[in-house]
Amino acid sequence: MSKLIEIIVLEGTALLLFAFAYAIGVKGKMSLIAGYSAKTADQVRDKPALARLIARLLVLVGIASASMPLATAVWGRQSGALAMWVGGYAGFIVGTTALALWEAREFTA
C-alpha cells in the first residue's frame with residue numbers, strides 16, 4: 001500500500017510539474033512564476049528566455065520525481081542504496097533550483 005501511495009504522489013507531482021512547464025514555456029503564462037507580477041514585469045529583460053529557463057527546471061525536476069518510484073523499487077531493500085538515491089534526489093532538486101535562480105539573474109534588471 002505504501003508503494004502505491006509513493007507512486008501516486010511522485011507521479012502526480014511529476015505530471016503537475018510537466019503541466020506547469022508547458023503552461024510557462026509554451027503558452028507563456030508568466031504569472032505562474034513565483035515573484036512575477038505586473039509590478040515586477042518591467043524588471044525582466046528577456047521574458048521568453050526566463051520562461052524557457054523555468055520550464056526546463058520544471059521538466060528536470062519532473063523527470064527526477066517520475067523516476068524515484070522506479071529507483072526505490074529496485075534499490076528499496078538496501079537501506080544504504082536507498083539513502084543514496086533519496087539524498088541524490090534532494091541534492092539534484094536543490095542544485096538545479098539554485099542553478100536556475102543563479103541563471104535567472106541574467107534576465108532581470
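Note: hydrogens, waters and symmetry copies are ignored here, and every other heavy atom, side chains too, is used.
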Item to check | Hphob cluster co-occupancy, F107 + L101, side-chain heavy atoms under 4.5 angstrom | outcome: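 No, it is not one cluster - the side chains of F107 and L101 are not joined through contacts under 4.5 Å.
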Next on the checklist: Do L57 and L16 land in one hydrophobic cluster if side-chain heavy atoms of ILVMFWY residues count as linked below 4.5 Å?
Outcome noted: yes
Item to check | Minimum heavy-atom distance S67-A64, with the two atoms named | outcome: OG-O, 3.0 Å
Next on the checklist: Show me the pairs that pass side-chain hydrogen bond (donor to acceptor under 3.5 Å, both in side chains) and involve residues 46-64, at least two apart or across chains.
Outcome noted: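 Checked against side-chain hydrogen bond (donor to acceptor under 3.5 Å, both in side chains) - neighbours excluded - no pair reaches residues 46-64.
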Item to check | For V74, side chain to side chain contact (heavy atoms under 4.5 Å, CB included) partners two or more places apart | outcome: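 With neighbours one apart ignored, the set is L70.
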Next on the checklist: According to side chain to side chain contact (heavy atoms under 4.5 Å, CB included), who are the partners of T13, at least two apart in sequence or on a separate chain?
Outcome noted: V9, L17, S65
Checklist entry - If you measure from CG on L15 to CG on L10, what distance do you get to the nearest 0.5 Å? => result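 L15 atom CG to L10 atom CG measures 11.0 Å (nearest 0.5 Å).
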Next on the checklist: Listing request: all ring-ring contact (aromatic ring centres under 6.0 Å, His included) pairs with a residue in residues 78-100, at least two apart in sequence or in separate chains.
Outcome noted: W75-W85
Checklist entry - Can you check whether L50 reaches R45 side chain to side chain, under 4.5 Å on heavy atoms? => result no
Checklist entry - With sequence neighbours left out, what residues match E6 under salt bridge (charged side-chain N to carboxylate O under 4.0 Å, His left out)? => result K3
Name each donor-acceptor pair under 3.5 Å that joins a side chain in residues 19-34 to protein atoms two or more places apart or in another chain, with its distance.
none

Checklist entry - Any donor and acceptor pair, going by atom type alone, linking the side chain of T40 with main-chain N or O of G35 inside 3.5 Å? => result yes
Checklist entry - Apart from W102 itself, what residues make up its hydrophobic cluster when side-chain heavy atoms of I, L, V, M, F, W and Y under 4.5 Å apart count as a link, directly or indirectly? => result none
Item to check | Whichever hydrophobic residues join I63 through chains of side-chain contacts under 4.5 Å | outcome: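 Answer for I63: F18, V59.
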Checklist entry - Tell me the salt bridge (charged side-chain N to carboxylate O under 4.0 Å, His left out) pairs involving residues 7-19, sequence neighbours left out? => result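 Qualifying pairs, neighbours excluded: none.
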